[in-house]
Protein chains: 2
Amino acid sequence: MPGPQEEPVGLVVTRTSRTLARAFEQALATAGGSTPTWLVLLSARTGSHRTQAELAAAVGVRGPTLTHHLDGMERDGLVTRAPVPGDRRGQRVVLTPAGEELFLRLREVAVAFDRRVRAGLAEAEVAQLRRLLATLAGNVAE
Amino acid sequence: MPGPQEEPVGLVVTRTSRTLARAFEQALATAGGSTPTWLVLLSARTGSHRTQAELAAAVGVRGPTLTHHLDGMERDGLVTRAPVPGDRRGQRVVLTPAGEELFLRLREVAVAFDRRVRAGLAEAEVAQLRRLLATLAGNVAE
DNA sequence: GACTAACCGTTAGACGTCTATCGTTTCCGG
DNA sequence: CCGGAAACGATAGACGTCTAACGGTTAGTC
């Protein structure tokens with residue numbers, strides 16, 4: 001008998017991630033948003049980024065991907081690219097009133113979704129999950 | 001003071017998944033493969049699928065995505081689409097000798113990668129990780 | 001001061017994935 | 001039988017992401 005033949009851990013993580021991402025996307029769609037839009041609004045709003053490169057890092061994507069989404073969001077009137085005084089290379093991304101309004105709506109959805117995801121899990125379990133995932137990521141990042 | 005402001009669990013799962021997926025992709029690339037190729041070879045080799053639709057489900061993608069990859073793999077001589085006797089709608093995917101050879105090489109990489117991912121984790125911890133992830137997925141799947 | 005290197009964001013092109021739709025083929029109820 | 005529904009796989013088009021390469025700007029060095 002060839003043992004239990006368990007599914008690789010990495011595959012389980014990936015599949016779970018896709019399930020969560022898809023559900024989150026649907027939830028955001030009901031409020032007129034998408035995952036990239038939400039992440040950009042969230043990171044841009046804090047204003048703690050100096051350049052687009054930093055904003056991209058905060059969002060978790062590469063530069064060209066951020067450029068792509070900013071193009072769409074600027075076209076939709078959610079953000080503007082403001083010149084940085086004293087450095088003609090960079091641009092600062094700022095939310096328009098419409099962007100701020102969408103942010104508030106999406107935040108409600110995101111908060112509710114996070115509650116839904118953690119349902120039935122104790123604080124300690126969530127903490128252990130974070131720890132285990134961090135271990136996995138650390139194991140492959142060098 | 002605004003509290004610890006912890007990152008949402010879903011985001012942590014997604015980020016970890018991307019880190020793992022990227023590292024796995026790199027590992028497979030050294031052996032001349034890619035993630036979709038590996039998953040298709042793995043699922044198709046068991047032969048436990050009747051149709052492409054079932055194969056797609058086993059791989060974890062939709063029909064058109066599988067079609068896309070099969071086109072490339074057939075062009076590369078890794079698999080062939082064989083007619084199903086008695087049903088002119090379906091086609092069975094079978095590995096060529098070259099496909100079988102690549103599968104064996106990629107399997108070594110995949111096994112080694114799984115070991116690397118689980119490094120420093122006890123069996124019980126891995127089991128709990130599986131349980132926690134399954135809970136998250138179950139919470140959003142209805 | 002001019003030259004080179006570094007930084008910043010965009011463009012171009014690729015890949016993997018999805019939904020919607022279509023043409024064939026098979027099945028089934030009247 | 002036969003006509004509509006279901007199943008199967010392919011196509012078309014969209015989206016999010018990536019790497020590689022480019023043009024414009026700043027900084028550092030001799």
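We name chains A, B, ... by the order of the sequence lines, and we start the count at 1 in each one.
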Original post:
Considering heavy-atom distances to DNA chain C, does B:Gly63 or A:Thr67 have its closest nucleotide positioned more toward the 5' end?
Top reply: A:Thr67
**OP:** Please state how far atom NE2 in B:His68 lies from atom P in D:dG13, giving the value in whole angstrom units.
**Re:** 16 Å
**OP:** Output yes when B:Arg18 and B:Glu25 qualify as a salt bridge under the 4.0 Å nitrogen-oxygen rule, no when they do not.
**Re:** no
Subject >> A:Asp71 or B:Pro64, whichever maps to the more 5' nucleotide of DNA chain C >> reply: A:Asp71
**OP:** Name the nucleic acid region contacted by A:Gly90, choosing base, sugar-phosphate or nothing; use a 4.0 angstrom heavy-atom cut-off, strictly under.
**Re:** sugar-phosphate
**OP:** Look at all strands and tell whether B:His69 reaches a base, only sugar-phosphate, or nothing, counting heavy atoms closer than 4.0 Å.
**Re:** sugar-phosphate
**OP:** Using chain B heavy atoms and a threshold of under 4.0 Å, write down where along DNA chain C the contacts begin and end, 5' to 3'.
**Re:** C:dG16 to C:dT26
Subject >> Rounded distance in Å - CG (B:Leu66) to C1' (D:dG9) >> reply: 10 Å
**OP:** Remember a base hit wins even if backbone is also touched, and classify B:Thr51 as base, sugar-phosphate or nothing at under 4.0 Å, heavy atoms.
**Re:** sugar-phosphate
Original post:
In terms of side-chain heavy atoms, does A:Ser34 have a donor or acceptor partner in A:Thr37 at a distance below 3.5 Å?
Top reply: yes
**OP:** Mind calculating the distance between CZ (B:Arg50) and P (D:dA7) to the nearest angstrom?
**Re:** 11 Å
Subject >> A:Arg81, CZ atom: more than 12 neighbouring heavy atoms under 6.0 Å >> reply: yes
Original post:
OP1 or OP2 of D:dA6 sitting under 4.0 Å from any side-chain N/O of B:Arg89?
Top reply: no
Original post:
What does B:Thr65 touch in the nucleic acid at a heavy-atom separation under 4.0 angstrom: a base, only the sugar-phosphate, or nothing?
Top reply: base
**OP:** On DNA chain D, check which nucleotide each of A:Leu39 and A:Asp87 is closest to and give me the residue with the more 5' one.
**Re:** A:Leu39
**OP:** Answer yes or no: are there more than 12 heavy-atom neighbours, outside B:Arg88 itself, under 6.0 Å from its atom CZ?
**Re:** no
Original post:
What is the ring orientation for B:Phe103 with B:Trp38, classed by angle as parallel under 30°, tilted 30 to 60°, or perpendicular over 60°?
Top reply: parallel
Subject >> OP1 or OP2 of D:dG24 under 4.0 Å from side-chain N/O of A:Arg88 >> reply: no
Subject >> Salt bridge A:Arg130-A:Glu125, side-chain N to carboxylate O under 4.0 Å >> reply: no
**OP:** Give a yes or no answer on whether the side chain of B:Arg15 reaches the backbone of B:Gly10 with a donor-acceptor pair at less than 3.5 Å.
**Re:** no
